Each structure stands twice: as C-alpha cells, then as structure tokens.
Amino acid sequence: MASYRKRGKSWYAEVSRQGQRFSQTFDTKAEAAAWATQKEVELRTAGSSSPSLLGKNKTFYDVCREFEKTLLPKRKGKRWEKIRLDSFKEKISWAGQKLSEINSKNIANWKIARLEEVAPSTVNRELNFLSKLFEVARSEWNWISINPVRGVERPKNPPPRDRRISQEEQDKILAALKFEMGKPPKLMKQHLGAAFLFALETGMRKSEILALRWDKVFLEKRFLTIPESKNEDRRKVPLSTQAIELLKLQREAAKDEFCFPINSDSFCTTWREARDKVEIEDLTFHDTRHEATTRLARKLEILDLARMIGHRDLKSLMIYYNPTPEEIALRLG
C-alpha cells in the first residue's frame with residue numbers, strides 16, 4: 001500500500017508489502033504517485049518469472065549493450081542508433097543504475113539538462129529512442145514492468161522549417177560545384193551538383209539518392225523504385241524530363257552500380273564548402289525536399305504528390321509544402 005507525505009517542498013512516497021518498505025523523495029506529488037504505482041506493480045508481480053526478478057541486476061547500460069548486440073545489426077538506422085547508444089552509455093548519469101531504480105523523475109531530469117544543450121526536436125528524437133530501449137527491455141526481455149519514459153512530458157517541437165531555395169541560390173550552388181547541365185559529371189563535386197538538381201526534381205531524400213542503384217531505375221517507363229524509405233515503405237517515384245536527362249548523364253559518367261557515386265561523408269563536406277563559398281546562409285541539402293514539394297504541388301494533385309514524396313498522411317506532407325503568399329496569389333488570377 002502506498003502513502004504520501006509532504007516534507008517541506010518535497011513529497012515523500014512509501015510503499016509497503018508483506019513487511020517490506022520502500023521509499024523515495026520527489027519534487028511533486030505526481031512524480032511520487034507515478035513511482036509508487038510502478039513499485040506496487042513490481043511487488044505484486046514478484047516471483048520466479050516476474051519481470052522485476054529477471055531484470056533485478058540489470059542496468060540501463062546492460063540494456064544498451066544487449067540492444068546493440070542482438071537488435072542493432074538488423075535496424076535500418078543502425079549507424080545513427082549506434083552513435084546514440086554510445087552517447088547514452090557515456091553521458092547519462094544513471095546509465096549504471098539498476099533498472100528497478102530508474103523512474104520518470106530520472107528521465108525528466110535528463111530531459112531538462114539535455115534541453116540546455118540541444119534543440120527540443122533533438123531531445124524528442126532521443127526520448128523516442130530511449131523509450132524504444134526501455135520498451136524492448138519490458139516487452140521482449142521481461143527485465144522491467146513499466147517503461148519510465150511513458151510518464152515524461154515531451155518538449156514542444158519548434159515550427160517546421162520553411163526555407164525555400166531561390167533560382168539565384170540554385171545557380172550559385174551549381175556554379176560552386178562546377179556543374180553544367182548537358183555535360184556528364186567527371187568530378188565528385190559535379191556528381192553532387194547533379195544530385196542537388198535531381199533532389200529538386202524528385203523530392204527524394206539524400207539517403208535515398210545515394211542508395212539509388214541502376215537496377216531500380218526504369219527510364220523507358222519514367223519511374224524509379226525506392227525499395228525502403230525512411231518510414232520503411234516501398235515507393236515508386238515518377239521522373240520528369242529533366243530528372244531523366246540527369247540520370248542519362250549519370251549513366252554515361254558513372255561506371256558504378258550506384259547512380260550517384262558519392263561517399264556520404266564527402267557529400268556533406270563538399271556541400272558545406274560549396275554553400276559557404278558562395279555565402280548562402282541557413283541552407284541544408286534537406287531543404288531541397290521542401291522546395292521540390294512546393295514546386296511539384298503546382299503540377300500534381302495532392303494525393304499524387306503525397307504518394308510521390310512518400311507521406312502516408314496529408315498532415316505530414318504540409319510540413320514540406322511551403323508556398324509564399326505571392327505564389328498563392330498568382331494562382332488566384
């Protein structure tokens with residue numbers, strides 16, 4: 001049975017069962033109640049096969065290590081998840097604590113400290129991954145009874161980016177990359193120029209462009225296939241006349257299984273160098289997806305656009321659709 005008492009500015013929670021007493025102090029009564037509820041569930045389900053017993057000596061560090069060993073190799077985003085796992089193990093103060101001792105207050109305190117270092121959107125992505133780790137430990141390994149991340153309020157994400165790419169900026173970037181339309185690329189930076197234009201024509205993500213292979217391109221039928229996208233869906237992308245022309249030039253120049261033979265790290269470095277060289281501020285390669293979606297919306301019905309871009313719902317699509325008031329006014333006539 002749980003009981004609560006206020007001590008100064010803190011709340012003291014105590015849970016007793018069969019002669020055993022457990023207690024902890026919290027800043028708010030809500031946090032105390034959440035802890036007491038979790039502790040009562042653990043005590044009720046205690047037994048030879050209970051989650052609390054199976055994971056009683058396991059730490060969060062053990063969760064990270066087990067996830068890395070058994071599940072990470074099969075995960076699509078394993079490169080970035082490995083970076084996050086290493087960061088969690090190194091920087092989270094309670095990584096070495098037993099899972100039974102970790103509660104929503106620990107997660108909330110970590111969230112507050114993290115918000116002083118990175119943007120709310122980054123914290124939300126990290127909270128999602130933390131929740132995934134605890135949920136696997138709960139549902140698949142039976143190491144814990146409750147996922148402590150579930151009781152933590154998420155920070156509000158900032159408004160989505162609405163960065164557009166002007167024709168002048170497009171021309172400057174292509175000049176910096178020494179790309180000329182109609183000529184097969186020879187230098188790596190020229191392949192990047194082609195990828196930049198191709199992204200503007202198709203709305204494809206950088207990762208999708210770099211992973212594109214010739215056996216997934218069907219120029220005579222004017223489409224290509226992305227076997228697995230960010231949301232794990234397979235989709236077909238129709239190709240404009242200019243997109244087809246870019247691919248033909250790539251096929252002529254690239255003696256490789258990949259349509260755009262560019263190393264991911266070199267891609268990022270070369271992009272930043274070109275952008276900075278022509279003094280364009282606050283522009284990322286991913287902004288091509290915003291620009292492409294807005295341009296394509298002038299030509300396609302909304303459902304066709306959603307299918308081409310790869311969004312399951314129109315709400316997600318609206319994040320990338322950013323016409324200016326002037327552009328909308330011109331359509332009104």
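Nothing here was measured: the structure is a model prediction, and the numbers come from that model.
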Decide if atom [atom1] of [X] counts as having more than 12 heavy atoms of other residues, nucleotides or ligands within a radius under 6.0 Å.
X	atom1	result
E153	CD	no
K89	NZ	yes
R307	CZ	no
E168	CD	no
Q167	CD	yes

Please check this pair: side chain of [X] against backbone of [Y], looking for a donor-acceptor N/O pair closer than 3.5 Å.
X	Y	result
R235	M308	yes
T122	V118	no
D265	C268	no
E169	S166	yes
Q190	K186	yes
E208	R205	yes
Q250	C259	yes
E252	P184	no
W94	T59	no
R275	I173	no

Self-check item: N147-S131 side chain donor-acceptor pair, cut-off 3.5 Å
Solution: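 Looking only at side-chain atoms, S131 and N147 do form a donor-acceptor pair, the distance falling under 3.5 Å.
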Exercise. Would you tell me whether D287 and T284 have side-chain atoms, one donor and one acceptor, within less than 3.5 Å of each other?
Key: yes
[Y] and [X], any side-chain heavy atoms less than 4.5 Å apart:
X	Y	result
I309	R289	yes
T225	F218	yes
V63	F88	no
P148	N106	no
L115	P120	yes
K236	K221	no
Q170	L197	yes

Exercise. Output, in order, the C-alpha distance, side-chain angles, deciding distance and verdict of salt bridge (charged side-chain N to carboxylate O under 4.0 Å, His left out) for E180 and K183.
Key: CA-CA 6 Å; E180 294 183 58; K183 294 184 178 180; 3.3 Å; yes
Quiz item: Is any NZ, NE, NH1 or NH2 atom of the basic residue among E81 and K78 found under 4.0 Å from an Asp or Glu carboxylate oxygen of the other?
Solution: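 A salt bridge is absent here (no side-chain N lies under 4.0 Å from a carboxylate O).
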Quiz prompt | Salt-bridge contact D86-K82 (side-chain N to carboxylate O under 4.0 Å) | solution =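 A salt bridge is present here (some side-chain N lies under 4.0 Å from a carboxylate O).
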Self-check item: Among L224, L249, L219, the one residue meeting side-chain contact (heavy atoms from CB on, under 4.5 Å) with I244
Solution: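 Passing option: L219.
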Self-check item: Distance in Å, I209 CD1 paired with T202 OG1, rounded so as to fall on 0.5 Å steps
Solution: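 I209 atom CD1 to T202 atom OG1 measures 5.0 Å (nearest 0.5 Å).
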Exercise. Fit a plane to each ring of F285 and W271, take the angle between them on a 0 to 90° scale, and name the class: parallel (under 30°), tilted (30 to 60°) or perpendicular (over 60°).
Key: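 Aromatic pair F285/W271 classed perpendicular.
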Practice problem: Measure from NZ or CZ of R138 to the centre of the six-membered ring of W143 and say whether it is under 6.0 Å with the direction within 45° of the ring axis. | Solution: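 Ring-cation test returns no.
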Quiz item: Under 6.0 Å between the ring centres of F60 and F134?
Solution: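 They qualify: ring centres under 6.0 Å apart.
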